Structure formats: structure tokens, C-alpha cells
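What follows is a short report on a single structure.
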Amino acid sequence: MRHGDLFPESVPDGDTVVIIDGVYHQAPALRHKEILAAMGRGVQVIGAASIGALRAAELSLHGMLGVGNIYTAYVRGDIEGDDEVAVGQSPDGEEDGLTWPLVNLWNVLRLADEAGVLGIERGVELLEALREVYYPQRTAAAVRAVCRRHGEGEFARWLDEQRAHDRHFGDLKRTDALAAVRTALRGPVPRINAGTLMWRTPHFLRWSNAFARSRVDGLDLSTEDRLIYQQVFAPQFGTTWTAYLEHRSLLRGRGPRLPLGTRLGYVTGGGLAAHQVFHPAVDLRDEETVALLLAEETPEDRQAVARYAEALDRARRGVPGFSTAAVCDDLTGRTLRQVWRCPAEKFDAEASARGLVRGARAVEAAKRLMPGFMDEQREAARDGR
């Protein structure tokens, strides 16, 4: 699993998830707060075998269920950290493990001791030597080489023989993973009532918004991309943003429900516009919020969002080292001022009126649109428009 896999589009409320392995080099790793958020929606989360076992040990008091020997070892403190379960994978996207994780080596050495092949003291020494091999390099050949270098050729031959008869020999991660799946198939288990969890942090909301998507007009679109497109290109988006602020002001929250003008009067005495005072965080998984903010979106806008997303993807795949952060700030700022037809001295005010807080934030948000916008400009120039 990876960052984003537990958001509602992937896992509906009340479902069951079994977390086994996770990536953390190829993509951002699954965060603790994503697991807490899923459990807060009634999802039963079971962890085992690998990063799932570690996360279950860390979050068991909050209701995550751990299964298997590796989970128990984490709870007891016999092992610590993700290096105990890490395996190397192929860079071409194949997810099969190519190397030996330490927990499997630990299990194989235990079996060797039971079989009288290798004593426990020598096994501990050999495990420490194998620990020194960086996990993506701890292949079967590397394990045999370390064994021979430490005078344990007989153990290496014994292990090869066992693996020839059973390719899963000693695979403790697999054993625990299957146990977790069986636990899930048996149905929900009683959960710990951990009370209210404060997992909806600003960081979590940003992650949640980044993964929010919807299918409209046959297009699979990022909701965040759709909103930013409106903030940048919709001529009257300032009116839409004010309507959203009015909606938020009338919602039941930490304070009383008040009309926006009344709330503004209490705060400023009426000397500032609402968008200059109130900068609420937007939750793009809230259907009412999305409906308000995208009220003026047209089918043509959605087609443009799809084209811009494709242009951004082409740039990421085709331009070495490309990232949205590398897009020129000055070019993006000049483009925004051109689209909004505003002078530099009014740039911050226009950005604020569109819900982007200030010019610098608007520039950062709009960078993802620049490859698509520049493609359109070049095409228009070729067509003589």
C-alpha cells in the first residue's frame, strides 16, 4: 500500500482493509493518520507481516488489529523499525520481493536450530552479519556469500535444499499475511473504543484534497484541479468564493451561526472585505462544498481540466527533472495577471478574492496548469489566433 490508498474512493465506509506490505522508496508511504481516518469512518483495519504489523503495533490502542508472529514481535519489542521487514523490489513496477527480509532470516535460523543444523549462538552472529547487508542487496546469492564467509556453508546448503522442496520455506511474512486474510474473512471483530481521535490536521486535509477525484462527463478528474481551474480562469469566481464564505459562516461549528456580514462586522467593524479576513480550509470530500465551489463549471471547463492534466503528465514523463515546483514563478505570476487583467499592485487582492489568500499562494497553485496553458498558447499562435 501507499499514501492515498485508504481514502474513501478506494475503501468505502464500514469495509475491511488488510495492510501487509507498503512502498516507501517508489512512492510516499502510507501515513498513520490515513489509517486513523479510515478507522474513524468505520473501516476495520488489520495489519500483519510487514509494515502492516508495525503500524498495528503502533496503533493498536486506537483500534487497529494486529495478527501474526511479526506483529507480536513488534509489540514485545523483540524487533523495532521498518528495516526488519523491508524487501527490495524491481524498479520496473513488479511487486515481487527480490531480497530476504530480516524477519524471514530470523525465522529460518530458528528452524535451523530446531533441525540441529546451526546452533542459536552461531545463528545470532550470522543474523547480525546479514543485518549489515543493505536490504535491497540482501538477495539469496548475498545470503549464501555471507554464510560461506562466516564458515556456515553447511547451513547455506541446507537452506537451498529446503527452498528447493518448498519455495515458501521460512517465509514468516507470507504465513502472517495469510493469517490476516483469514481473520478478515471471518468477519468483523470487536474494536477498542479509543474515543475521539484528532487526526483531521491541516496536513491530512491537504492529502485528502490531493486524492479527491470524481468521474464527470466520462472523465476521471482531480477535484482539486477542477477547483484551481475555476479559481484561475472563471471570470466571476470572486462571487462564488463569497457565496462559499457565506455558507461557511452559517454552518454550525465552533462559534455561533451568523450571516457573513454580521460576523465580519463583529471582527473588523466593516472595514475589510470578507475574503481578506476569513481563509477557511476547504474540504474537497464534502459534496456540498464541491457543489458550491464548482457551481459555474461548464463541460468545456472539465474538458480543459482533462487536457491540462494530460499536459502535466507529459511534462513529468518527458522532461528530465520536471516538477511543478520548478515551474517559473515569474512566468506563472505574469500569466495570472494577464488572465485576471490586473496590475501587479492588485495581484494579492485579486488572489484573495478568488480564495487563494495571496499572490504567492496563487502562483504555487497555478503552476500545475502552466504546461497545459502554454500548450494552448503555442497552438493558438500556430493557428494565427
Side-chain angles (χ1 to χ4, degrees), residues 1 17-24 29-30 45-60 64-90 94-144 146-147 152 155-186:
M1 298 190 75
V17 169
V18 178
I19 300 177
I20 304 297
D21 268 317
V23 299
Y24 55 93
L30 186 69
V45 183
I46 300 170
S50 189
I51 197 67
L54 176 57
R55 292 291 177 263
E58 294 165 336
L59 298 177
S60 60
M64 186 173 176
L65 177 64
V67 174
N69 292 287
I70 297 170
Y71 163 73
T72 301
Y74 273 124
V75 170
R76 289 195 310 227
D78 296 340
I79 58 176
E80 299 177 356
D82 54 17
D83 60 317
E84 302 281 354
V85 293
V87 296
Q89 294 177 313
S90 171
E94 293 293 327
E95 296 183 350
D96 291 341
L98 302 179
T99 59
W100 276 85
L102 288 170
V103 289
N104 283 2
L105 290 169
W106 163 65
N107 189 45
V108 163
L109 290 166
R110 179 186 62 80
L111 294 172
D113 176 55
E114 292 177 357
V117 175
L118 184 68
I120 191 66
E121 290 185 3
R122 289 294 295 154
V124 169
E125 293 176 7
L126 187 56
L127 183 62
E128 290 308 306
L130 290 165
R131 188 185 299 275
E132 294 300 314
V133 181
Y134 185 39
Y135 82 89
Q137 300 170 349
R138 201 184 299 123
T139 61
V143 170
R144 285 192 292 270
V146 170
C147 290
E152 302 298 345
F155 164 74
R157 287 189 293 274
W158 172 83
L159 179 57
D160 284 343
E161 289 172 2
Q162 302 305 312
R163 297 273 289 177
H165 288 102
D166 177 6
R167 66 190 183 94
H168 301 303
F169 177 78
D171 192 346
L172 189 61
K173 289 182 67 171
R174 182 177 184 272
T175 300
D176 283 5
L178 291 173
V181 172
R182 286 192 291 269
T183 299
L185 292 174
R186 284 196 293 267

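Just so we're clear, the structure is a prediction, and the values are computed from it rather than from any experiment.
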(request) Return the set of residues passing side chain to side chain contact (heavy atoms under 4.5 Å, CB included) with Val87 (not counting sequence neighbours), or none when no residue passes. (result)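 By the side chain to side chain contact (heavy atoms under 4.5 Å, CB included) rule, Val87 matches Thr99, Pro101, Lys173.
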(request) Return the set of residues passing side chain to side chain contact (heavy atoms under 4.5 Å, CB included) with Leu172 (not counting sequence neighbours), or none when no residue passes. (result)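 Only Asn69, Ile70, Asn104, Trp106, Asn107, Asp176 meet the side chain to side chain contact (heavy atoms under 4.5 Å, CB included) criterion with Leu172.
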Quick one: does [X]'s side chain get under 4.5 Å of [Y]'s, heavy atoms only?
{"X": "Leu118", "Y": "Asp113", "value": "no"}
{"X": "Arg138", "Y": "Leu105", "value": "yes"}
{"X": "Cys147", "Y": "Leu126", "value": "yes"}
{"X": "Val45", "Y": "Leu65", "value": "no"}
{"X": "Phe155", "Y": "Leu109", "value": "yes"}

Check [X] against [Y] and note the closest heavy-atom contact, atom names and distance.
{"X": "Ala180", "Y": "Val18", "value": "CB-CG1, 3.8 Å"}
{"X": "Leu130", "Y": "Val143", "value": "CD2-CA, 4.0 Å"}
{"X": "Phe169", "Y": "Trp100", "value": "O-CH2, 4.4 Å"}
{"X": "Tyr74", "Y": "Ser50", "value": "CE1-O, 4.2 Å"}
{"X": "Tyr71", "Y": "Ser60", "value": "OH-CB, 3.9 Å"}

(message) Strictly by side chain to side chain donor-acceptor pair (under 3.5 Å), give each pair with a member in residues 115-126 just once, sequence neighbours left out.
(response)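 Listed once each, the pairs are Arg122-Glu125, Arg122-Glu152.
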(message) I need the full list of side chain to side chain donor-acceptor pair (under 3.5 Å) pairs touching residues 78-87, with sequence neighbours left out, sorted by first then second residue.
(response)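 Those involving residues 78-87 are Arg76-Asp78, Glu84-Arg131.
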(message) Suppose we screen for salt bridge (Lys or Arg N to Asp or Glu O under 4.0 Å). Which residues come up paired with Glu114, at least two apart in sequence or across chains?
(response)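 Partners of Glu114 by the salt bridge (Lys or Arg N to Asp or Glu O under 4.0 Å) criterion, ordered by chain and then number, come out as Arg110.
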(request) Tell me, please, which residues at least two apart from Arg55 pass salt bridge (Lys or Arg N to Asp or Glu O under 4.0 Å). (result)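 Salt bridge (Lys or Arg N to Asp or Glu O under 4.0 Å) list for Arg55, sorted by chain: Glu58.
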(request) List the steps, then state whether side-chain contact (heavy atoms from CB on, under 4.5 Å) holds for Ile46 with Val17. (result) CA-CA 6 Å; Ile46 300 170; Val17 169; over 6 Å; no
(request) Any chance you could measure Asp160, atom CG, to Arg144, atom CZ, to the nearest 0.5 Å? (result)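 The distance works out to 5.0 Å.
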(request) Nearest 0.5 Å please: distance from the CG atom of Leu30 over to the CD1 atom of Ile19. (result)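 Output value for this atom pair is 5.0 Å.
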(message) So for atom NE2, which belongs to His168, do other residues, nucleotides or ligands contribute more than 12 heavy atoms lying within a distance under 6.0 Å?
(response)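 Check passes, neighbour count above 12.
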(request) Verify side-chain contact (heavy atoms from CB on, under 4.5 Å) between Val108 and Trp158, making sure each step is shown before the conclusion. (result) CA-CA 11 Å; Val108 163; Trp158 172 83; 4.3 Å; yes
